[in-house]
2 protein chains.
Amino acid sequence: MGTLNDGKKKVTIYSVAHEAGVSLATVSRVINDSSLVKEETRKRVEAAIVKLGYRPNAVAQGLALKKTTTIALVIPDSSFLYMGKIINGLLDVAKIYKYNIALHTTSSSISEMSEIIDNIVKSRADGVIVYNDCLTENEIAILNSFSTPMVYIGHKIKAADACNVFVDYKKALYELTDKYIQEGYKDIVLIQDKKNPMMMDELLEGIDKGFSKHNMKFDGLVEIPENYHNSYDYLNEYFKDNKHQLVITVRDSQAMAVLNACTENGISIPEETDLVCVMDSRYTDMVRPRISSFFIPSYDLGALAMRVMTKMLDTDEIKEKEYQLSYIYKNKASTKI
Amino acid sequence: MGTLNDGKKKVTIYSVAHEAGVSLATVSRVINDSSLVKEETRKRVEAAIVKLGYRPNAVAQGLALKKTTTIALVIPDSSFLYMGKIINGLLDVAKIYKYNIALHTTSSSISEMSEIIDNIVKSRADGVIVYNDCLTENEIAILNSFSTPMVYIGHKIKAADACNVFVDYKKALYELTDKYIQEGYKDIVLIQDKKNPMMMDELLEGIDKGFSKHNMKFDGLVEIPENYHNSYDYLNEYFKDNKHQLVITVRDSQAMAVLNACTENGISIPEETDLVCVMDSRYTDMVRPRISSFFIPSYDLGALAMRVMTKMLDTDEIKEKEYQLSYIYKNKASTKI
DNA sequence: TAATTTATTGAAAAAGTTTTCAAAGTAAGT
DNA sequence: ACTTACTTTGAAAACTTTTTCAATAAATTA
């Protein structure tokens, strides 16, 4: 077995106690910075600890204390590109509060979510942070039946009383639509991404609200058929026969696909068509023209979610349940207005 | 405390034993699919388990069995975009073998690595998988002094006897250089990325080998100064006064920066300059022209690393220590040859 | 000096599982 | 009916820590 100290004797709190000539209770107190141990004894124990290279066993601590200082992070396996900064934010804050992160990914199958929860329950994570971008209502229901402290991250979740760190995409899309309609644009189109049903609903609500404000009805969903594994292939066909005043996409990859498809069909952006990508990424600035997009504070979403989680674990109840972070619309070269 | 079963009585192996009228030893045997329990008893215990909603406590199991079924994954926090597929591969295989993944990230500071190891030792992870893209020699030395099973993933590592799943970038760059020199290209340039010192060394070795085969010496490092936080800004200046036959970059973002900088300075790609990006990504296919690149089997790197790890944990020794996966050069529109 | 308080320590129980060893029960063979 | 062998079960120890409670030692007060 490739165990920790091959060959060498395993060093536990007993070894340290023996080495220092004290009881294990005293060693435990030294480890945990308890104030009620004599300075001289502390020195002796600390010397024994470094001499033996003792490291407390977090598993045994977990058992004794009934907490693991581990947070489970549940994310959809497909969208890592968008997760990067969120995870960085999470981890930076987790480090400060000495929490570990256990990573779990969901695939599309329904059974999977209860399997993941099963796993998390078994591992006795102190809390769960869920990126809710691709969750179905079914999955959210499963998650809510679950009594470990939980924070949803990403966009607004409908479950009542859920702790939620999010960006208000509905408002973002409403404002965008409203602005364009005021400028006289009517032919607005949203490229549909099958993979984010909940997110999509939210975007649509925003657009609908914008249209109904001006007594119009939105009717511009462009759905990429299932059989196209590459959205560019479909869009290239699509823009042969279609042209719109404003095209909205969710992800950078789709925006780039639209850009290429339009360009190759002689539709110039932004002269003939405006293009907006909802979720910002570094790549939206790397193509020409740069693509207008909403800056989403991903790092902050992650960091705040983790901070909220530590608060939940410290105090029994928290006052605030909803933490809304603001997007920033970045008007770049792919749009005229 | 937001504990597991608020209000309700906590359900342990004792509760189940009591409910089923057996001893805890028997319940443990049922949980672990031991063959030596009577069919009828098993039924009774299983009924009790579902009735009470019992889930074994992995922490207690970890203590009793002296293993946590957790693998620590150490990655540099900066390069998540490249990590996505690797993590997916890792997690898919981890799921099969019922391992959990604990995520740790390194920042640039030296002290950090020993802090992370300290944390991993405490948490008693069964094994460690390290993405060694951005590691310094110092950090590798620290890691090697550490007796938990370890797999290095990404590129070839110099430490003797280390278990390593990698792509041979040196060979890739050698082949590329050789091919270009054979076609009469001499003015070859590599954009230097300060962030991956080890990786960079390997690429340079490959290029040097290609040059020395033809009795030439490589002298084409283009270093982006520290004070430019955006490589595009520097490259835009650079390509005002410089022009090369072949430009090689490590990452997609740099390739795109080169593409834009050249285009905006009237250097057309591929007519005047060939452009190759070493590490493939979906984005290299999304710009025009598409950028020639090496397809790196990231998912497989992750999956294989995890598989190797499970083998290491099963059997004391493994025969193979080095697992080399092959890249595929993808000749696209940014290159003439 | 004796009594009282305070500071420091240790013994033992508790956390929830696995596993060894012995005991009890059952079936088979004579 | 009586060994013998095998199947099934349970009691108890082990895993490594924290924490409570009681005991001892030291310091203070009367």
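In what follows, every heavy atom counts, from backbone to side chain, and hydrogens, waters and symmetry copies are set aside.
You'll find that the side chain of A:Leu65 is closest to D:dT18, out of C:dG10, D:dT18, D:dT17. Among C:dA11, D:dT17, C:dT19, the nucleotide with an atom closest to any side-chain atom of B:Ala25 is C:dT19. Checking C:dG10, C:dG16, D:dT18 against the side-chain heavy atoms of A:Leu24 singles out D:dT18 as nearest. Proximity note for A:Thr41 (side chain, C-beta onward) versus C:dG16, C:dT9, D:dT17: the nearest is C:dT9. Of the candidates C:dT17, D:dA11, D:dT17, C:dT17 carries the atom nearest the B:Ile13 side chain, counting heavy atoms from C-beta on. The side chain of A:Ser28 lies closest to D:dT19, out of C:dG10, D:dT9, D:dT19.
Side-chain atoms of A:Asn132 and A:His155, non-hydrogen and from C-beta on, do get closer than 4.5 Å to each other. Within the 4.5 Å cutoff, the side chain of A:Val308 has heavy atoms near those of the A:Cys163 side chain.
Separating the CD atom of B:Gln61 from the P atom of C:dT18 is a distance of 5 Å, rounded to the nearest angstrom. The separation between A:Glu39 atom CD and D:dA26 atom C1' is 17 Å, rounded to whole Å. Atom CZ of B:Arg44 and atom P of D:dT9 are 8 Å apart (whole Å). Following rounding to the nearest Å, B:Lys38 (NZ) and D:dT8 (C1') show an atom-to-atom distance of 7 Å.
Counting atom types as modelled, A:Arg124 pairs no side-chain N or O with a base atom of C:dG16 as donor and acceptor under 3.5 Å.
Close to C:dT8, at under 4.0 Å from its OP1 or OP2, lies no side-chain N or O of A:Thr26. Phosphate proximity of D:dT16 to A:Tyr54: absent, as no side-chain N or O sits under 4.0 Å from OP1 or OP2. Put simply, B:Lys66 has no side-chain N or O that comes within less than 4.0 Å of OP1 or OP2 on D:dA14.
Toward the 5′ end of DNA chain C lies the nearest nucleotide of A:Arg42, the other residue of the pair A:Arg42 and A:Ala64 mapping further downstream.
Atom CD1 of B:Ile86 sits about 10.5 Å away from atom CD1 of B:Ile129, to the nearest 0.5 Å.
A:Val59 comes within contact range of no nucleotide atom at all, as no heavy-atom separation falls under 4.0 Å. Within 4.0 Å of B:Thr12, counting heavy atoms only, lie sugar-phosphate atoms of the nucleic acid but no base atom.
With respect to A:Glu320 and A:Lys311, no salt bridge is recorded, no charged nitrogen being found less than 4.0 Å from a carboxylate O.
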Could you check A:Asp300 against A:Tyr323 for side chain to side chain donor-acceptor pair (under 3.5 Å), going step by step and ending with a plain yes or no?
CA-CA 11 Å; A:Asp300 295 337; A:Tyr323 299 82; over 6 Å; no
